Peer 1: 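After the C-alpha coordinates below, expect a handful of questions from me.
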Amino acid sequence: KYMKTKCCKMCLDDYPQSEEMSSGCGCPCHKEKIKTYKIIYADPAWSYNDKMGNDSAFMSATSAYPTMALEDIKALKVNKIADKDCVLFIWCVSPLLPEALEVIKAWGFKYTTIGFVWSKKYKDGTAVSNMGRWTMGNVELCLLAKKGSPQRIVKNVKQLIEDLRV
(Lines give C-alpha, C1' and ligand atoms only; values in the text may rest on other atoms or scores of the structure.)
Protein backbone atom coordinates (compact mmCIF):
# COMPACT_ATOMS: atom_id res chain seq x y z
CA LYS A 1 0.00 0.00 0.00
CA TYR A 2 1.64 3.17 -1.18
CA MET A 3 0.34 6.67 -0.99
CA LYS A 4 1.56 10.03 -2.18
CA THR A 5 2.29 12.12 0.87
CA LYS A 6 4.79 14.50 2.35
CA CYS A 7 6.96 12.04 4.23
CA CYS A 8 8.42 14.63 6.58
CA LYS A 9 8.10 18.30 7.40
CA MET A 10 11.16 19.20 5.34
CA CYS A 11 9.61 17.92 2.11
CA LEU A 12 8.38 20.38 -0.43
CA ASP A 13 7.19 17.68 -2.82
CA ASP A 14 5.16 14.52 -2.55
CA TYR A 15 7.05 11.23 -2.52
CA PRO A 16 5.67 7.70 -2.54
CA GLN A 17 5.65 6.25 0.94
CA SER A 18 4.43 3.00 2.38
CA GLU A 19 1.99 3.22 5.28
CA GLU A 20 4.38 0.98 7.20
CA MET A 21 7.38 3.25 6.58
CA SER A 22 8.15 6.15 8.87
CA SER A 23 11.13 7.24 6.78
CA GLY A 24 13.37 5.99 4.04
CA CYS A 25 11.00 6.75 1.18
CA GLY A 26 12.17 8.44 -1.99
CA CYS A 27 12.50 11.77 -0.25
CA PRO A 28 15.87 13.58 -0.55
CA CYS A 29 15.67 14.34 3.18
CA HIS A 30 16.33 10.69 3.93
CA LYS A 31 19.09 10.14 1.38
CA GLU A 32 21.59 12.26 3.23
CA LYS A 33 21.86 13.75 6.67
CA ILE A 34 20.55 17.30 6.89
CA LYS A 35 23.33 19.75 7.78
CA THR A 36 22.71 21.63 11.02
CA TYR A 37 24.11 24.95 12.18
CA LYS A 38 25.23 26.34 15.54
CA ILE A 39 24.37 29.90 14.45
CA ILE A 40 21.40 30.89 12.30
CA TYR A 41 21.05 34.42 10.98
CA ALA A 42 17.54 35.28 9.76
CA ASP A 43 16.04 38.39 8.20
CA PRO A 44 12.43 37.41 7.45
CA ALA A 45 10.46 39.27 4.80
CA TRP A 46 8.07 40.80 7.35
CA SER A 47 4.78 42.18 6.15
CA TYR A 48 3.09 45.03 7.99
CA ASN A 49 -0.22 43.84 6.50
CA ASP A 50 -1.68 47.31 6.90
CA LYS A 51 -3.28 50.11 4.93
CA MET A 52 -0.01 51.27 3.36
CA GLY A 53 -0.21 48.39 0.89
CA ASN A 54 2.04 48.91 -2.12
CA ASP A 55 2.15 52.69 -1.88
CA SER A 56 5.82 53.54 -2.41
CA ALA A 57 5.19 57.08 -1.12
CA PHE A 58 4.98 55.58 2.37
CA MET A 59 8.02 53.35 1.84
CA SER A 60 5.98 50.22 2.54
CA ALA A 61 7.93 46.97 2.66
CA THR A 62 5.63 45.45 0.04
CA SER A 63 6.63 48.19 -2.41
CA ALA A 64 10.33 47.38 -1.93
CA TYR A 65 10.46 43.57 -1.84
CA PRO A 66 8.21 40.49 -1.63
CA THR A 67 6.94 39.90 1.90
CA MET A 68 5.60 36.84 3.68
CA ALA A 69 2.60 36.32 5.91
CA LEU A 70 3.39 35.67 9.57
CA GLU A 71 2.06 32.10 9.40
CA ASP A 72 4.32 31.36 6.42
CA ILE A 73 7.37 32.68 8.27
CA LYS A 74 6.46 30.61 11.33
CA ALA A 75 6.08 27.52 9.12
CA LEU A 76 9.67 27.71 7.82
CA LYS A 77 11.54 24.61 9.01
CA VAL A 78 14.38 26.48 10.72
CA ASN A 79 14.33 24.05 13.66
CA LYS A 80 15.31 21.24 11.27
CA ILE A 81 18.62 22.93 10.40
CA ALA A 82 19.37 24.11 13.95
CA ASP A 83 21.98 22.19 15.91
CA LYS A 84 20.89 20.91 19.33
CA ASP A 85 22.87 23.85 20.77
CA CYS A 86 22.17 26.82 18.52
CA VAL A 87 21.96 30.61 18.57
CA LEU A 88 19.39 32.37 16.40
CA PHE A 89 19.84 36.00 15.35
CA ILE A 90 16.58 37.30 13.87
CA TRP A 91 16.04 40.83 12.57
CA CYS A 92 12.76 42.60 13.19
CA VAL A 93 11.34 46.08 13.11
CA SER A 94 9.99 47.52 16.35
CA PRO A 95 6.26 47.40 15.49
CA LEU A 96 6.56 43.67 14.74
CA LEU A 97 8.38 42.68 17.94
CA PRO A 98 5.48 40.51 19.22
CA GLU A 99 5.38 38.67 15.87
CA ALA A 100 9.15 38.09 15.99
CA LEU A 101 8.76 36.52 19.43
CA GLU A 102 6.06 34.22 18.00
CA VAL A 103 8.42 33.18 15.20
CA ILE A 104 11.23 32.46 17.66
CA LYS A 105 8.95 30.12 19.60
CA ALA A 106 7.56 28.48 16.43
CA TRP A 107 11.11 27.75 15.27
CA GLY A 108 11.91 25.99 18.56
CA PHE A 109 14.01 28.70 20.21
CA LYS A 110 13.75 30.71 23.42
CA TYR A 111 14.18 34.50 23.39
CA THR A 112 17.29 35.56 25.31
CA THR A 113 18.05 39.24 24.64
CA ILE A 114 18.47 41.90 21.98
CA GLY A 115 21.60 40.91 20.13
CA PHE A 116 22.02 44.08 18.12
CA VAL A 117 20.41 47.46 17.57
CA TRP A 118 21.22 48.89 14.15
CA SER A 119 21.07 52.67 14.11
CA LYS A 120 20.82 53.45 10.40
CA LYS A 121 22.82 56.26 8.86
CA TYR A 122 22.76 57.96 5.46
CA LYS A 123 26.00 58.26 3.46
CA ASP A 124 26.49 61.77 4.86
CA GLY A 125 26.43 60.34 8.41
CA THR A 126 23.05 61.71 9.46
CA ALA A 127 20.54 59.41 11.10
CA VAL A 128 17.83 57.82 8.99
CA SER A 129 14.37 58.82 10.23
CA ASN A 130 11.54 56.82 8.71
CA MET A 131 7.90 57.57 9.23
CA GLY A 132 6.78 55.63 12.24
CA ARG A 133 3.37 55.01 13.73
CA TRP A 134 4.30 56.68 17.05
CA THR A 135 7.92 57.77 16.77
CA MET A 136 10.18 58.24 13.76
CA GLY A 137 12.03 54.96 13.44
CA ASN A 138 15.68 54.71 12.62
CA VAL A 139 16.68 51.43 14.23
CA GLU A 140 16.14 47.75 13.57
CA LEU A 141 16.43 45.11 16.24
CA CYS A 142 18.24 41.82 15.95
CA LEU A 143 16.93 39.48 18.61
CA LEU A 144 19.07 36.72 20.05
CA ALA A 145 17.41 33.41 20.90
CA LYS A 146 18.80 30.05 21.98
CA LYS A 147 18.05 26.39 21.55
CA GLY A 148 19.81 24.04 23.92
CA SER A 149 22.98 25.32 25.60
CA PRO A 150 25.18 27.14 23.09
CA GLN A 151 28.40 28.62 24.45
CA ARG A 152 29.35 32.29 24.30
CA ILE A 153 32.65 32.54 22.43
CA VAL A 154 33.76 36.18 22.95
CA LYS A 155 32.83 38.92 25.40
CA ASN A 156 33.62 42.07 23.42
CA VAL A 157 30.71 42.20 20.95
CA LYS A 158 28.87 45.53 21.16
CA GLN A 159 25.08 45.66 20.95
CA LEU A 160 24.84 49.02 19.14
CA ILE A 161 25.72 49.14 15.45
CA GLU A 162 25.82 52.57 13.80
CA ASP A 163 26.21 52.00 10.10
CA LEU A 164 24.95 52.94 6.65
CA ARG A 165 21.55 51.79 5.48
CA VAL A 166 22.14 49.74 2.36
Side-chain angles (χ1 to χ4, degrees), residues 9-13 28-29 34-166:
K9 292 182 179 182
M10 287 294 290
C11 294
L12 299 177
D13 297 312
C29 300
I34 296 171
K35 182 175 171 107
T36 60
Y37 299 89
K38 292 189 176 290
I39 298 173
I40 295 176
Y41 182 83
D43 190 3
W46 300 108
S47 172
Y48 278 91
N49 196 24
D50 64 6
K51 295 177 184 175
M52 283 183 172
N54 292 320
D55 190 343
S56 60
F58 291 104
M59 297 176 60
S60 174
T62 55
S63 68
Y65 53 84
T67 60
M68 294 174 67
L70 175 61
E71 292 307 314
D72 292 335
I73 294 171
K74 288 166 59 175
L76 294 172
K77 306 302 177 201
V78 174
N79 192 36
K80 296 289 184 183
I81 62 168
D83 193 78
K84 66 178 181 64
D85 298 313
C86 183
V87 174
L88 169 68
F89 292 97
I90 182 169
W91 287 97
C92 74
V93 290
S94 302
L96 297 178
L97 182 57
E99 289 83 350
L101 295 171
E102 285 182 44
V103 169
I104 287 170
K105 187 175 181 180
W107 288 355
F109 289 82
K110 182 179 178 188
Y111 171 77
T112 303
T113 190
I114 295 176
F116 304 105
V117 176
W118 174 27
S119 178
K120 301 175 188 182
K121 304 281 183 185
Y122 289 115
K123 288 182 182 178
D124 67 4
T126 59
V128 171
S129 292
N130 294 324
M131 294 298 293
R133 304 302 192 276
W134 292 93
T135 60
M136 294 183 76
N138 76 318
V139 299
E140 283 193 37
L141 305 174
C142 184
L143 308 181
L144 187 151
K146 298 188 304 184
K147 174 184 173 188
S149 300
Q151 300 300 305
R152 181 177 176 181
I153 298 171
V154 297
K155 297 181 180 181
N156 63 347
V157 177
K158 305 285 190 222
Q159 190 178 52
L160 178 62
I161 300 168
E162 296 180 282
D163 203 357
L164 296 178
R165 177 175 74 176
V166 289

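The figures here come from the full heavy-atom set of this structure, side chains too, leaving out hydrogens, waters and symmetry mates. Keep in mind that this is a model prediction, so the values were computed, not measured.
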Peer 1: Would you say that Phe109 contacts Val78 through its side chain, given a criterion of any heavy-atom pair below 4.5 Å between the two side chains?
Peer 2: yes
Peer 1: Can you name the nearest heavy-atom pair linking Ala127 to Tyr122, along with the distance?
Peer 2: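 That closest heavy-atom pairing would be O-CE1, 3.7 Å.
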Peer 1: Would you say the side chain of Leu88 lies within less than 4.5 Å of the side chain of Ile104, judging by non-hydrogen atoms?
Peer 2: yes
Peer 1: Are there over 12 heavy-atom neighbours, none belonging to Ile153, within less than 6.0 Å of that residue's CD1?
Peer 2: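 Open.
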Peer 1: What's the separation between atom NZ in Lys146 and atom OG1 in Thr113, rounded to the nearest 0.5 Å?
Peer 2: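 Output value for this atom pair is 10.5 Å.
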Peer 1: Whether the Asn138 and Lys121 side chains hold a donor-acceptor pair (N or O, under 3.5 Å, no angle test) is what I'd like checked.
Peer 2: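 No donor-acceptor contact under 3.5 Å links the two side chains.
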Peer 1: Which pair of non-hydrogen atoms, one from Leu141 and one from Ser94, has the smallest distance, and what is that distance?
Peer 2: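 Here Leu141 and Ser94 meet closest at CD1-OG, 4.2 Å.
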Peer 1: Show the nearest heavy-atom pair for residues Pro95 and Glu99, with the distance to one decimal.
Peer 2: O-OE1, 3.9 Å
Peer 1: Do Ile90 and Val103 make a side-chain contact, defined as non-hydrogen atoms from C-beta onward lying under 4.5 Å apart?
Peer 2: yes
Peer 1: So Leu164 and Lys120, do their side chains get closer than 4.5 Å, heavy atoms only?
Peer 2: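 Counting from C-beta outward, Lys120 and Leu164 never come under 4.5 Å.
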Peer 1: Is a side-chain donor or acceptor of Asp83 paired with a backbone partner of Thr36 at a separation under 3.5 angstrom?
Peer 2: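 Pair absent, no side-chain N/O of Asp83 close to backbone of Thr36.
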Peer 1: Gln151 side chain to Ser149 main-chain N or O, any donor-acceptor pair under 3.5 Å?
Peer 2: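 Yes, because the side chain of Gln151 sits within donor-acceptor range (under 3.5 Å) of the backbone of Ser149.
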Peer 1: How long is the gap from CH2 on Trp91 to CH2 on Trp118, to the nearest 0.5 Å?
Peer 2: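 Going from CH2 on Trp91 over to CH2 on Trp118, the span is 6.5 Å.
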Peer 1: Identify whether the distance between the nearest side-chain nitrogen and carboxylate oxygen of Lys105 and Glu102 falls below 4.0 Å.
Peer 2: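 Not counted as a salt bridge, because no side-chain N and carboxylate O are separated by less than 4.0 Å.
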Peer 1: For the CZ atom of Arg165 and the OG atom of Ser119, what is their distance to the nearest 0.5 Å?
Peer 2: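 Rounded to the nearest 0.5 Å, the CZ-OG separation comes to 12.0 Å.
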Peer 1: Any donor and acceptor pair, going by atom type alone, linking the side chain of Trp107 with main-chain N or O of Ile73 inside 3.5 Å?
Peer 2: yes
Peer 1: Rounded at 0.5 Å granularity, tell me how far CD in Glu140 sits from CD1 in Ile161.
Peer 2: 11.0 Å
Peer 1: Enter the distance from Leu143:CG to Leu101:CG here, rounded to the nearest 0.5 Å.
Peer 2: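 Interatomic distance, Leu143 CG to Leu101 CG, rounded to 0.5 Å: 6.0 Å.
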Peer 1: What heavy-atom pair brings Trp46 and Ala100 nearest, and what distance separates the two atoms?
Peer 2: CH2-CA, 3.6 Å
Peer 1: Measure the spacing between CD1 of Ile40 and CD1 of Ile81 and express it to the nearest 0.5 Å.
Peer 2: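 Answer rounded to 0.5 Å: 4.5 Å.
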